[in-house]
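Each chain gets a letter, A, B and so on, in the order its sequence line appears, and its residues count up from 1.
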Amino acid sequence: MENGKLPDCIIKMPIIPTFDPIEELNMYTSLGSLHTFARGSKIVSPGIPFSNVIFLISGQLDVSMVSRNGEEKYLLEVFKNGIAVALNQNDDHEFQITAVKDCTVCFFPLDMMLAILSQNTRLLKNFILNLIQKTQYFMYQSRDLYQSRPSARVFSFLYNLCLTKGNRVNDYYELAVENVSQKTIAKITGTHPVTVCKLFTYLSKEGIIKKNRKVIKVYDLNKLCNLIANEELTY
DNA sequence: GCATTAAGGATAT
DNA sequence: ATATCCTTAATGC
C-alpha cells in the first residue's frame with residue numbers, strides 16, 4: 001500500500017448498480033460488430049438466444065429479468081464504456097436488455113472477447129474485476145432481499161448513498177438526487193415506489209431529512225442508521 | 001408492514 | 001402536449 005492509496009485491485013461496491021467502465025475496449029471495436037439501437041428497443045429479449053459480450057459505446061442500457069408471468073426484476077444499468085455479458089445460447093433464459101436511450105454498441109462473440117483479453121493483461125484484469133464487482137454486488141443484494149425488510153433496504157440505501165456521495169454542508173449531508181428518482185430507488189431496493197415515497201415523508205416528519213425533487217438533505221445520519229435495525233415502524 | 005390501485009398535481013420534454 | 005414523476009388515500013393481505 002504505497003502513497004497511502006489502496007491497491008488498484010480493490011473492488012469498490014457501487015450503491016447504484018452501475019459497474020466500472022472498461023475504456024480500453026474502445027481500442028478493439030473494429031474486431032466486433034457495431035450496432036445502433038433506438039431508445040426503447042430491446043437488444044436482448046427473454047426466450048431468444050443471444051450470445052455476445054455487449055460493449056456500450058454510447059447511450060444507456062437497462063438489464064432486467066422477465067419471468068413467464070411477465071413480472072420484471074430490475075438488475076442493473078450500463079453506461080458509456082460499460083459491458084453487459086449476455087451469454088444465453090438457449091431459449092430458456094429470462095434476461096432482457098433494453099436501450100433506454102439511443103445506443104451504439106459493439107458485440108463481441110465470446111471467442112473474440114477471449115482472444116482480445118489474452119493479448120492484453122491489463123484489459124483482462126479490468127474485465128475480471130468488473131465481473132467480480134457484479135457478482136459481489138448481487139451477493140449483497142440477495143442477502144438484503146433475504147434478511148432485510150423493504151423499509152430497512154430503503155433506509156440502508158439512503159444511508160450508504162449519503163456516506164459515499166453525500167456532501168457535508170454545515171450540519172447536514174446534501175445528496176443530489178436528480179438522476180436517482182424514487183422510482184429508481186424502488187427498483188434498486190426491490191420495493192414499491194409508493195413505499196419509497198411514504199418512507200421519505202416519514203423521515204421528513206421525523207426531522208431526519210429534508211427533501212425536494214433535486215436534493216435530499218440528511219440532518220440526522222445516526223437516527224437514520226438506527227432505523228435500519230428497527231423492528232417497529234409506523235408511517 | 002407493505003403492495004396495489006387509483007387519481008390528482010407537479011415538472012420535464 | 002405528453003410523458004414521467006411524486007404524493008396521498010383507500011383497500012387488502
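Separating the NZ atom of A:Lys214 from the P atom of B:dA10 is a distance of 16 Å, rounded to the nearest angstrom. At whole-Å resolution of the value, NE2 in A:His192 and C1' in C:dC13 are 15 Å apart.
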Pairwise N/O distances under 3.5 Å, protein to nucleotides 3-7 of chain C:
| unit_1 | atom_1 | unit_2 | atom_2 | d |
| --- | --- | --- | --- | --- |
| C:dC5 | OP2 | A:Lys183 | NZ | 3.1 |
| C:dC5 | O2 | A:Arg213 | NH2 | 3.3 |
| C:dC6 | OP1 | A:Gln182 | N | 3.1 |
| C:dC6 | OP2 | A:Gln182 | N | 3.3 |
| C:dC6 | OP2 | A:Lys183 | N | 3.3 |
| C:dC6 | O4' | A:Arg213 | NH2 | 2.8 |
| C:dT7 | OP1 | A:Lys211 | NZ | 2.9 |
| C:dT7 | OP2 | A:Gln182 | OE1 | 3.3 |
| C:dT7 | OP2 | A:Gln182 | NE2 | 2.5 |

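Partner of A:Phe108 under the side chain to side chain contact (heavy atoms under 4.5 Å, CB included) criterion, chosen from A:Leu25, A:Ile54, A:Asn52: A:Leu25.
Legend: residues meeting side-chain contact (heavy atoms from CB on, under 4.5 Å) with A:Pro17, ordered by chain and number and at least two apart, are A:Phe19, A:Tyr74, A:Leu76, A:Tyr137, A:Ile188. Taking A:Phe107 as the reference, A:His35, A:Phe50 meet the ring pair (Phe, Tyr, Trp, His ring centres under 6.0 Å) condition, with sequence neighbours excluded. The side-chain contact (heavy atoms from CB on, under 4.5 Å) search around A:Ala99 returns A:Phe37, A:Ser41, A:Leu61, A:Cys103, not counting sequence neighbours.
Residue A:Lys12 holds its NZ atom at 14.0 Å from CG of A:Leu129, rounded to the nearest 0.5 Å.
With respect to A:Glu23 and A:Lys80, no salt bridge is recorded, no charged nitrogen being found less than 4.0 Å from a carboxylate O.
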Ignoring hydrogens and angles, write down the donor-acceptor pairs under 3.5 Å from the side chains of residues 164-172 of chain A, residues two or more places apart or on other chains.
| unit_1 | atom_1 | unit_2 | atom_2 | d |
| --- | --- | --- | --- | --- |
| A:Thr164 | OG1 | A:Asn160 | O | 2.9 |
| A:Thr164 | OG1 | A:Leu161 | O | 3.4 |

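Applying the 6.0 Å contact sphere to CD of A:Gln89 captures no more than 12 heavy atoms from other residues, nucleotides or ligands.
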**Report entry** Pairing pattern in dot-bracket form [Watson-Crick, G-U; both distances under 3.5 Å; | = partner strand] for DNA chain C
**Finding:** .||||||||||||
